[in-house]
Amino acid sequence: MPIHNSDIAKIFKKIADMLDIEGANPFRIRAYRNAARIVEDMPKRVADMIRKGDDLTEIPGLGKDLADKIKEIVETGTLFQLKELENRVPGELNQLMRMEGLGPKKVKVLYQTLGVTNPDELKQMAREGKIKDVEGFGQKTQAKILEELEHLTTETKQRIKLISAEEIAEGLVEYLKKDKSVKKIDVAGSFRRRKETVGDLDILVTVKRGSAVMDHFVKYEDITKVISKGQTRSTIVLKSGLHVDLRVLPQVSYGAALHYFTGSKAHNIAVRKIGVKKGLKINEYGVFKGKDEKRIGGKTEEEVFDQVGLPFIEPELRENAGEIEAAQKGQLPELISPEDIRGDLHSHTKATDGRNTIKEMADAAKDHGYDYLAITDHSKRVRMAKGLDAKKLADQIKAIDQLNGKLTGIRLLKSIEVDILKDGSLDLPDEILKELDLTVCSVHYHQNLDREKQTKRILRAMDNPYFNILAHPTGRLINERAPYEVNIEKILKAAKERGCFVELNANPDRLDLTARYCKMAKNMGVKIAVSTDAHSVNDLDFMRFGIYQARRGWLEKDDVINTRQLKDLTALLKRK
DNA sequence: GCCGTTTTCGGCCCGACTGTTTTCAGTCG
């Protein structure tokens, strides 16, 4: 069984939890949590790296000990240390730590006094009223535990998609602005970094003297629970289950706080470390210097970066994934922006499973200020979507030619989202494909092939001289369907050799490629098409999510083919 | 458990809020 990076991370997280409950050295625990994160975010499979004999200790945060443990996990699928731990501490105890307000210390006390080892037993004790009598616990804690356990069975706390977070955040910001004492307002956190999913919202504000914004905040209509309410910080839970923090900040600290709460944590730590070397203390209140901790910055984010000798780093890059080193060398990318996009290369119409006509799509694209739009309906294999056969596609080609004769200010590109069949051949004959301006090729069926077969299948498809863009390269649906097993690195290499491109599908349910693969593609010199896969005129708006993701993947204007003028794009699409 | 051009030993981020504690520990981010 292949060991995924996430498997390794899971084991390290569990060890960290168990050590936490045992009361081990907190820095040792942090080392495990840190390692879990490192492995999870690694652009390559650790198992492959070990097979190739790479030295894992060269990765910051992994020493000899952890490297050996990773090796053990890769070779045996498990870790002896974990089994040992489970002999001392029941393995289910860490589940209790998932609960709001229960940390390692309290879990340990519950275990030692009441013998509680899992959520069911905890629920039992809470119902019998035994929790409140334990030292350090009380009536309120018991009620909270009971309430949360009743919930736990129905809804598991899941990160929500960026598009949902955006909707919620906009509503909240609008509501908060109704309080006229609010001056500045920003939504920080992973939302501001435009991560594809968001775990909670961090809203920062500055207010006029005597503001009652906290009172206003906890009266928001969408709230199910107020977890805490203070002068400078309050936390609420929305009906959707999303947690929202509101922080009130002094003007002078706003930039420091914005930086601090935008994260990522790893980025902040790295910035702070540079600060420490320069004798600075950086926290959410500002940048401070010397023994007397004189404030020397923090009103704006720029000031914070400036004090550590860095240029401004865009939020999307703040993952401690090389952005700090790049900033130090003056080599930060000039990230792509929405205005750079000249057209959309993946869209559907009524001819298959879209909801609008070709003409309607063309008009909408023109309204977006685009120069071109590729009409890419499904091919016949995708029966569910009434996919086009060669004859129907020929009819559509004619229709588009005619329409192009009448349209002004927008050019329709004749194309198709052609299915890559199980054996890697394309779903339509070359005779019809060669009549098109470009092809967008994708896998819809047989997603469960093993890694090698799936990769070969796609490589074979790329051998077809009419193959241009690989659409939604991993097939994942965020929170719904895992990516299929496929070696993206090999595919990128093949795309480079053959003059093909890969899509970054901007649909917020897909966002496929991930940021890390975008970065990999860029480094390998493979250009990317950021496309919406629109099934209606409204879906063309998804482009912004594609741009967010592209920015997270360090892409610049030049890395993306649909930033090109039509004639340059046409030249790019001609395979040698 | 990791890390080091100030250190191979002794650091490793810390402040706000809650609950139960009468002066603070635990949790969270």
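A, B, ... follow the sequence lines: proteins, then strands. Residue 1 opens every chain.
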Could you state the [atom1]-[atom2] distance from [X] to [N], rounded to the nearest angstrom?
X: A:Leu56; N: B:dC2; atom1: CG; atom2: P; answer: 12 Å
X: A:Asn25; N: B:dG10; atom1: CG; atom2: P; answer: 14 Å
X: A:His243; N: B:dT27; atom1: NE2; atom2: P; answer: 17 Å
X: A:Arg247; N: B:dA16; atom1: CZ; atom2: P; answer: 10 Å
X: A:His267; N: B:dG29; atom1: NE2; atom2: P; answer: 20 Å
X: A:Asn283; N: B:dG29; atom1: CG; atom2: P; answer: 19 Å
X: A:Ile15; N: B:dG1; atom1: CD1; atom2: P; answer: 9 Å
X: A:Leu249; N: B:dA16; atom1: CG; atom2: C1'; answer: 12 Å

Which pairs would a plain distance check flag for residues 546-553 of chain A, meaning a side-chain donor or acceptor within less than 3.5 Å of a matching protein atom at least two apart in sequence or in another chain?
residue: A:Tyr548; atom: OH; partner: A:Glu166; partner atom: OE2; Å: 3.4
residue: A:Gln549; atom: NE2; partner: A:Glu196; partner atom: OE1; Å: 3.1
residue: A:Gln549; atom: NE2; partner: A:Leu511; partner atom: O; Å: 3.3
residue: A:Gln549; atom: NE2; partner: A:Leu513; partner atom: O; Å: 3.0
residue: A:Arg551; atom: NE; partner: A:Glu316; partner atom: OE2; Å: 2.7
residue: A:Arg551; atom: NH1; partner: A:Ile336; partner atom: O; Å: 2.9
residue: A:Arg551; atom: NH2; partner: A:Glu314; partner atom: OE1; Å: 3.3
residue: A:Arg552; atom: NH1; partner: A:Arg193; partner atom: O; Å: 3.0
residue: A:Arg552; atom: NH1; partner: A:Glu319; partner atom: OE2; Å: 3.1
residue: A:Arg552; atom: NH2; partner: A:Glu319; partner atom: OE2; Å: 3.4

So what does [X] touch, heavy atoms closer than 4.0 Å: a base, only the sugar-phosphate, or nothing?
X: A:Asn34; value: nothing
X: A:Gln139; value: sugar-phosphate
X: A:Gly263; value: nothing
X: A:Pro104; value: sugar-phosphate
X: A:Asp65; value: sugar-phosphate
X: A:Tyr32; value: sugar-phosphate
X: A:Gln231; value: sugar-phosphate
X: A:Lys277; value: nothing

Syn or anti for B:dT7, please, going by whether the chi angle lies within 90° of 0. syn
Cationic tip of A:Arg272 above A:Phe288 ring, under 6.0 Å, 45° of axis: no
Check: A:Tyr32 and A:Lys13 side chains under 4.5 Å, non-hydrogen atoms: no
Taking only the [atom1] atom of each, what is the distance from [N] to [M] in whole angstrom?
N: B:dT5; M: B:dC9; atom1: P; answer: 16 Å
N: B:dT8; M: B:dC3; atom1: C1'; answer: 9 Å
N: B:dC13; M: B:dT27; atom1: C1'; answer: 16 Å
N: B:dG15; M: B:dG4; atom1: P; answer: 26 Å
N: B:dG10; M: B:dA16; atom1: C1'; answer: 29 Å
N: B:dC24; M: B:dG11; atom1: P; answer: 24 Å
N: B:dC17; M: B:dT6; atom1: P; answer: 38 Å
N: B:dT23; M: B:dT18; atom1: C1'; answer: 15 Å

Given DNA chain B, 5'-ward residue of the pair A:Asp202 and A:Phe137, judged by closest heavy atom: A:Phe137
Upstream residue (5' side of DNA chain B) when A:Lys144 and A:Lys273 are each assigned their closest nucleotide: A:Lys273
Does [N] have OP1 or OP2 sitting under 4.0 Å from an N or O in the side chain of [X]?
X: A:Tyr260; N: B:dA16; result: no
X: A:Lys69; N: B:dG1; result: yes
X: A:Thr141; N: B:dT18; result: no
X: A:Arg33; N: B:dG1; result: no
X: A:Ser228; N: B:dC28; result: no

Looking only at the side chain of [X] (C-beta and beyond, no hydrogens), which of the listed nucleotides [options] gets closest?
X: A:Tyr285; options: B:dG26, B:dG29, B:dA16; answer: B:dA16
X: A:Arg30; options: B:dG29, B:dC13, B:dT20; answer: B:dC13
X: A:Pro60; options: B:dC13, B:dC3, B:dG1; answer: B:dC3
X: A:Glu284; options: B:dC2, B:dG15, B:dC12; answer: B:dG15
X: A:Lys106; options: B:dG26, B:dC17, B:dC13; answer: B:dG26

What is the ring orientation for A:Tyr175 with A:His216, classed by angle as parallel under 30°, tilted 30 to 60°, or perpendicular over 60°? parallel
Paired nucleotide for B:dT8 [Watson-Crick or G-U wobble; both distances under 3.5 Å]: none
Does the B:dC13 base have a donor-acceptor partner in the side chain of A:Arg272 within less than 3.5 Å? yes
Check: A:Gln307/A:Glu303 side-chain N/O donor and acceptor closer than 3.5 Å: no
How about A:Asp186 and A:Tyr254: does a side-chain donor come under 3.5 Å of a side-chain acceptor? yes
What do the steps show when you test A:Thr117 against A:Glu121 for side chain to side chain donor-acceptor pair (under 3.5 Å), and what is the final call? CA-CA 7 Å; A:Thr117 60; A:Glu121 288 171 13; 2.9 Å; yes
CD of A:Glu221: more than 12 outside heavy atoms within 6.0 angstrom? no
